[in-house]
*Asks:* 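This is the structure, below, for whatever I ask next.
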Number of protein chains: 2
Amino acid sequence: MDKKEEILKTALKLFVEFGFHATPTSKIAKEAGIANGTLFHYYKTKDELILALYAHTKSRLTEYMYANASKDESLELVFKSIYTNTIEWAQENKAEFYFIQQFSTSPFYGLISPEEITKQAKPHLDFLQAGIKAAVLKPLPVDMLYTLINSHIAGINQYLSSEEFSTPKQKKIINESFQLLWDMIT
Amino acid sequence: MDKKEEILKTALKLFVEFGFHATPTSKIAKEAGIANGTLFHYYKTKDELILALYAHTKSRLTEYMYANASKDESLELVFKSIYTNTIEWAQENKAEFYFIQQFSTSPFYGLISPEEITKQAKPHLDFLQAGIKAAVLKPLPVDMLYTLINSHIAGINQYLSSEEFSTPKQKKIINESFQLLWDMIT
DNA sequence: ATATTTGTAGACTGATTAGTCAATCATTGT
DNA sequence: ACAATGATTGACTAATCAGTCTACAAATAT
């Protein structure tokens with residue numbers, strides 16, 4: 001049993017349910033079935049725990065995003081694969097995805113260095129830049145393109161989470177919304 | 001001097017800067033130049049203050065959104081006016097807009113009743129529904145359309161906030177991004 | 001004028017918080 | 001076997017927090 005993982009898992013659940021302001025470290029420790037001191041053995045401060053949780057969750061998402069993306073395919077297919085993967089991950093890991101958004105829209109996000117943020121975005125921006133260069137994507141500023149795509153995904157995810165859709169219906173929405181996005185940026 | 005307003009103004013500033021978890025009511029009172037008890041005279045609990053701040057800020061945005069929207073214009077022009085107004089307000093009231101997002105992506109949002117949320121969205125959804133009926137907008141589910149538009153606006157606002165653009169450049173971005181959105185939904 | 005309500009203050013409290021600490025327990029390497 | 005290092009505990013603390021209380025001031029009503 002990996003206590004470090006257990007702490008992250010529990011913290012995620014509680015932060016999403018009650019927010020940062022209303023989940024004391026004591027509650028996390030209790031719910032995780034460990035002693036108070038153990039939590040602070042692994043994470044020096046509450047802030048450090050929150051930052052670690054973000055990094056961990058974000059990297060899990062990033063990993064999944066690029067899964068099965070064979071580079072032989074056309075740019076559209078690769079892009080669609082990333083798009084679909086992202087939304088599928090978000091739907092299968094709703095708390096995780098919600099946490100990423102919660103964190104990003106909180107002052108905690110400011111604790112991450114600009115370099116780290118740039119580094120995170122780099123591969124995505126490069127990918128988009130290549131698409132522009134190949135004259136597949138519209139020659140918009142890459143940052144703008146990137147933000148627009150992210151927002152679109154966040155929106156569709158929110159829509160999918162707002163109701164209970166059957167799996168085929170969900171797939172249909174993902175396909176259709178991808179087409180809307182693709183038409184917008186190409 | 002309206003102390004109630006002063007409290008809201010100060011709370012907004014501190015919540016945006018430090019987050020809910022790290023801005024005690026004592027700090028708000030101190031910074032607002034009033035006594036601790038006075039804050040609780042106007043707002044029974046911290047939660048009530050937070051909810052009031054959200055309602056107040058949200059209604060200020062909504063009011064501004066529909067400003068100068070003469071109903072004689074074409075649907076496209078009315079829609080563009082709403083789009084432009086929203087982004088302009090967001091740019092001129094960055095802290096306020098950020099707070100709305102921060103609140104919406106936090107467990108506090110769950111404290112607002114579904115009826116209230118539906119009521120808030122109603123006019124927007126009706127507007128979009130009319131656009132679909134008039135065969136101007138694509139026959140997509142209104143909820144999806146609504147979420148897509150909101151996300152698009154949030155994205156463009158984020159992009160505009162990420163750098164320092166000159167006013168004309170900013171206007172150009174707003175116009176171009178509107179066209180992208182409009183082409184996507186019509 | 002007097003009574004009643006409303007606004008304002010700030011000291012105070014009981015509960016809670018993040019984080020510490022000294023003491024065991026488990027694991028590993030030698 | 002036996003150090004030595006790391007993991008785990010939970011009682012503890014100092015600080016902080018949301019919210020209360022009493023007192024008084026200002027405004028408003030009668």
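Values reported hereafter were calculated over all heavy atoms of this structure, with side chains retained and with hydrogens, waters and symmetry mates removed. From a predicted model like this one, the values you see are computed outputs, not experimental measurements. A, B, ... follow the sequence lines: proteins, then strands. Residue 1 opens every chain.
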*Asks:* What is the distance, rounded to the nearest whole Å, between atom CG of A/Leu14 and atom P of C/dA18?
*Replies:*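 So the two atoms are 12 Å apart, to the nearest Å.
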*Asks:* Sequence neighbours left out, what pairs pass salt bridge (Lys or Arg N to Asp or Glu O under 4.0 Å) with at least one residue falling in residues 35-57 of chain B?
*Replies:*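 For residues 35-57 of chain B, and leaving out neighbouring residues, there are no salt bridge (Lys or Arg N to Asp or Glu O under 4.0 Å) pairs at all.
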*Asks:* Distance check needed: C/dT16 C1' versus A/Phe18 CZ, whole Å only.
*Replies:*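 To the nearest whole Å, that distance equals 16 Å.
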*Asks:* Under 3.5 Å, is there a donor-acceptor pair between the A/Gln91 and A/Ser161 side chains?
*Replies:*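 Per modelled atom types, A/Gln91 and A/Ser161 side chains form a pair under 3.5 Å.
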*Asks:* Hey, does the side chain of A/His41 come within less than 4.0 Å of D/dA7's phosphate (OP1/OP2), counting only N and O?
*Replies:*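 Result: yes.
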*Asks:* Could you state the NE2-P distance from B/His21 to D/dA18, rounded to the nearest angstrom?
*Replies:*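 Checked: the NE2 to P distance equals 12 Å.
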*Asks:* Report the distance from atom NZ of B/Lys27 to atom P of D/dG19, rounded to the nearest whole Å.
*Replies:*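 Rounding to the nearest Å, NZ of B/Lys27 and P of D/dG19 are 18 Å apart.
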*Asks:* Using a 4.0 Å heavy-atom cut-off to protein, can you give one letter per nucleotide of nucleotides 9-14 of chain C, 5' to 3': B if the base is in contact, S if only the sugar-phosphate is, - if neither?
*Replies:* BB----
*Asks:* Could you check how far CD1 of B/Ile28 sits from P of D/dG19, rounded to whole Å?
*Replies:*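 Distance check: B/Ile28 CD1 to D/dG19 P gives 11 Å.
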*Asks:* How would you list all residue pairs meeting side-chain hydrogen bond (donor to acceptor under 3.5 Å, both in side chains) that involve residues 21-41 of chain A, not counting sequence neighbours?
*Replies:*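 Only A/Lys13-A/Glu31 qualify under side-chain hydrogen bond (donor to acceptor under 3.5 Å, both in side chains).
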*Asks:* Quick one: B/Phe40 CZ to D/dG19 C1', roughly how many Å, whole number?
*Replies:*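 Computing the B/Phe40:CZ to D/dG19:C1' distance gives 5 Å.
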*Asks:* Name the closest nucleotide to the A/Tyr42 side chain, picking from C/dA18, D/dC17, D/dA7.
*Replies:*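 The answer is D/dA7, which lies nearest to the side chain.
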*Asks:* Is the A/Tyr159-A/Phe165 ring centre distance short of 6.0 angstrom?
*Replies:*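 Ring-ring flag for A/Tyr159/A/Phe165: true, centres closer than 6.0 Å.
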*Asks:* Enumerate the salt bridge (Lys or Arg N to Asp or Glu O under 4.0 Å) contacts for residues 120-141 of chain A, please, sequence neighbours excluded, ordered by first and then second residue.
*Replies:*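 Found A/Lys122-A/Asp126.
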*Asks:* Only pairs at least two apart or in different chains count here, so list each salt bridge (Lys or Arg N to Asp or Glu O under 4.0 Å) that has a residue in residues 142-167 of chain B.
*Replies:*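 Sorted result for residues 142-167 of chain B: empty, none.
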*Asks:* Tell me whether B/Glu73 contacts the main-chain N or O of B/Phe79 through its side chain, where contact means a donor paired with an acceptor under 3.5 Å.
*Replies:*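 A pair under 3.5 Å: no.
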*Asks:* With ring centroids as reference points, do B/His152 and B/Phe178 lie under 6.0 angstrom apart?
*Replies:*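 Between B/Phe178 and B/His152, which both carry aromatic rings, the centre distance is not below 6.0 Å.
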*Asks:* Using heavy atoms and a sub-4.0 Å distance, could you list which residues of residues 43-52 of chain B are near DNA chain D? By number, please.
*Replies:*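 Result for residues 43-52 of chain B: B/Thr45, B/Lys46, sorted by number.
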*Asks:* Between A/Leu39 (CG) and C/dC21 (P), how many Å, whole number?
*Replies:*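 Those two atoms, CG and P, are 17 Å apart.
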*Asks:* Measure from the ring center of B/Tyr54 to the ring center of B/Phe108 and say whether it is less than 6.0 Å.
*Replies:*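 Ring centroids of B/Tyr54 and B/Phe108 are no less than 6.0 Å from each other.
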